[in-house]
Structure formats: C-alpha cells, structure tokens
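The first residue in the sequence is number 1, and the count goes up from there.
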Amino acid sequence: MKFDQSTTPKFLRYFTLSLFCCIPILFYVTFQVTPPKKPVPVSGLGIRIRPGYASYESYIERQLNKTLNPKLREIWTTRDWDRKINVFSTFFSELVDSELLTRQSRALCIGARVGQEVEALRRVGVADSIGMDLVPCPPLVVKGDFHHQPFEDESFDFEFSNVFDHALYPEKFVEEIQRTLRPGGVCVLHVAVSRRADKYSANDLFSVDPLVRLFNGSDLVRVRKVDGFGLDTEVVFRKRVR
C-alpha cells in the first residue's frame, strides 16, 4: 500500500519538518567546544568599545596596519620628529615643575611608535626613559603589548600614554599600568573626551569617570585641557602607597 502524503495531517508534516530543523541546533548546543575565556571589552557609562573585531588577532592586525604604515613612519621620523618632541617636551617640563615627574624617575611611554615622547623625556633630563609599542624602534622603543606589558611589577615611577583610545580592553590597559607603577608613581594620560578619535581607535571616551573607576588603585590628581595632537584632555593619577 502506497503512502499518500496528501492524507497526512498538516500539523504532522509541520512537526516532522520542525524536528529535522531542530536536530542540528540541538547537536551544536550539546557538543560545541567552549573557547578559552578572554577579557570581555567593557562598555558602560562614559565609554564605548567599537565593534568590528572578530578576534584579538584581528585587532592586533589592524593596529599594525597603522604602526607599520611606511608613509606614516617616514612622517613620524622626519617632518613630525622635532615638532612632536618640542610639544612633548613642553608637557613634560610642566610636569617636572608641578613635581609630578622628577629627573630621577624611571619612565615608560606606552604606545610610543618611533619614540618622540621618549626623546622628549630625555631632553628634559629624565634619562632613564623607554618606550613600548607593538613594533620596536631601537634604541628608544622596545616591543610590547600594552594589554600585557613585558615588565616586572613596580618597575616605573612614571608612565605616559596618548593611546588609551587604542585599547580594546581598557581594564587590562589600566591594570597593567597599575601593576608596573611603583607605589606613589604617577600615570599621565592624554585622551579625547566627547570627540571621535582616529579610525584605528578601539574605544570612545565620553567623560573621565570611566578612567577614575578603572584606576581603582590610584588617586585622581588633576584633569586639565590640553592640545595634544587631536587629544584634548590630560588626566593624572598617582598610585596609592600601601
């Protein structure tokens, strides 16, 4: 006897179809491998993580597209070299005058590219200074990821960065600064507040409040307006002495 599909109740045909559609989903949910846990980008009041990064590797690749850009590197080491050193020297000289930086400090510049910040520190008398970036630029800049600094705990008296907006994981960026700063050490950030930074930025900052929350082992020293190559706000923290 032949089975006449036309005699099958409609609801039974729908049920059978639904069952076949659900089997692959149930199989995936039951047997999928859970990937290793990674830091989750933290968005919240005052800060937004930009979407579009499928993995940490894709984020690093995008950052390297800027750092390794031959035209940009030529500009950084020629036309922009002295101009940026002069501006950074002015910033650092004021920090020395304000006793937030001393010439005996061991200093780190985070995301230093080709090292203008480091050279500026050395010119104002902070001789023990080094920079860190994904691509090294000897003798001023060593290789390092600011999410995982290649330095021991409490290595520096002073840390400076103007690349906070490039951090995919702001909490890791700050955690590493607080780890490598000595108690009483000072961190100075130049950030863009309430304005969109460049296309390589991984986050947008709308107030200094998220920074205060993230620097939970430090005290806010001051906030002031600056003109720092598209960044408009200087935020200074001092790590608490235990």
If you group Ile, Leu, Val, Met, Phe, Trp and Tyr by side-chain heavy-atom gaps below 4.5 Å, do [X] and [Y] land in one group?
| X | Y | result |
| --- | --- | --- |
| V191 | L220 | yes |
| F215 | V223 | yes |
| F92 | V118 | no |
| V114 | V135 | no |
| W76 | F88 | no |

[Y] and [X], any side-chain heavy atoms less than 4.5 Å apart:
| X | Y | value |
| --- | --- | --- |
| E159 | C109 | no |
| L100 | V188 | no |
| Q149 | E152 | no |
| R224 | V235 | no |
| V142 | P136 | no |
| E175 | H147 | no |
| L101 | V126 | yes |
| R106 | S155 | yes |

About how many Å separate [atom2] of [Y] and [atom1] of [X], when rounded to the nearest 0.5 Å?
| X | Y | atom1 | atom2 | result |
| --- | --- | --- | --- | --- |
| F146 | M132 | CZ | CE | 7.5 Å |
| I47 | N203 | CD1 | CG | 4.5 Å |
| F158 | L181 | CZ | CG | 9.5 Å |
| L189 | L205 | CG | CG | 9.5 Å |
| L72 | E74 | CG | CD | 10.0 Å |
| N69 | I75 | CG | CD1 | 8.0 Å |

Specify the closest pair of heavy atoms between [X] and [Y], including all atoms of both residues, with the distance to one decimal.
| X | Y | answer |
| --- | --- | --- |
| N162 | E117 | OD1-OE2, 3.8 Å |
| G217 | Q178 | N-OE1, 2.9 Å |
| L140 | I130 | O-CD1, 3.3 Å |
| Y200 | Q63 | O-NE2, 2.9 Å |
| A192 | G230 | CB-O, 4.2 Å |
| S58 | S55 | OG-O, 2.7 Å |

Check the pair D232 / V226 against side-chain contact (heavy atoms from CB on, under 4.5 Å), numbers first and verdict last.
CA-CA 5 Å; D232 57 16; V226 294; 5.8 Å; no
Determine the interplanar angle of the Y169 and Y56 rings, folded into 0 to 90°, and report it as parallel if under 30°, tilted if 30 to 60°, perpendicular if over 60°.
parallel
Is any side-chain N of the basic residue among [X] and [Y] closer than 4.0 Å to the acidic one's carboxylate O?
| X | Y | answer |
| --- | --- | --- |
| D219 | R240 | yes |
| K66 | E61 | no |
| E119 | R122 | no |

State which residues pass salt bridge (charged side-chain N to carboxylate O under 4.0 Å, His left out) with R179; sequence neighbours excluded, sorted by chain then number.
D153, E176
Ring center gap for H166 and F173 short of 6.0 angstrom
no
Does R48 count as lying over the ring of F206, i.e. NZ or CZ under 6.0 Å from the six-ring centre, within 45 degrees of the axis?
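Because its charged atom misses either the 6.0 Å distance or the 45° angle limit, R48 does not stack over F206.
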S218 backbone acceptor or donor facing R238 side chain under 3.5 Å
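No, R238 side chain to S218 backbone: no donor-acceptor pair under 3.5 Å.
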Ignoring hydrogens and geometry, is there a side-chain-to-backbone donor-acceptor pair from D133 to D145 under 3.5 Å?
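Between the backbone of D145 and the side chain of D133 there is no qualifying donor-acceptor contact (under 3.5 Å).
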Within 6.0 angstrom of K71 NZ, more than 12 heavy atoms from elsewhere
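Incorrect, the count does not exceed 12.
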Using the side-chain contact (heavy atoms from CB on, under 4.5 Å) rule, take D80 and R83 through it: C-alpha gap first, then chi angles, then the decisive distance, then the call.
CA-CA 5 Å; D80 273 2; R83 180 176 70 90; 3.1 Å; yes
ring-ring contact (aromatic ring centres under 6.0 Å, His included) evaluation trace for F160 with H190
CA-CA 8 Å; F160 170 80; H190 285 183; 5.0 Å; yes
Do the side-chain N and O atoms of [X] and [Y] include a donor-acceptor pair separated by under 3.5 angstrom?
| X | Y | result |
| --- | --- | --- |
| E94 | T90 | no |
| D157 | S105 | no |
| T180 | E154 | no |

Using side chain to side chain contact (heavy atoms under 4.5 Å, CB included) as the criterion, list what pairs up with V87, not counting sequence neighbours.
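In terms of side chain to side chain contact (heavy atoms under 4.5 Å, CB included), with neighbours along the sequence ignored, V87 is linked to F91, F229.
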Please step through side-chain contact (heavy atoms from CB on, under 4.5 Å) for the pair K239 and C187, ending with a clear verdict.
CA-CA 8 Å; K239 183 175 176 178; C187 172; over 6 Å; no
Could you please spell out the steps behind the salt bridge (charged side-chain N to carboxylate O under 4.0 Å, His left out) verdict for R222 and E234?
CA-CA 8 Å; R222 76 178 187 193; E234 180 181 87; 2.9 Å; yes
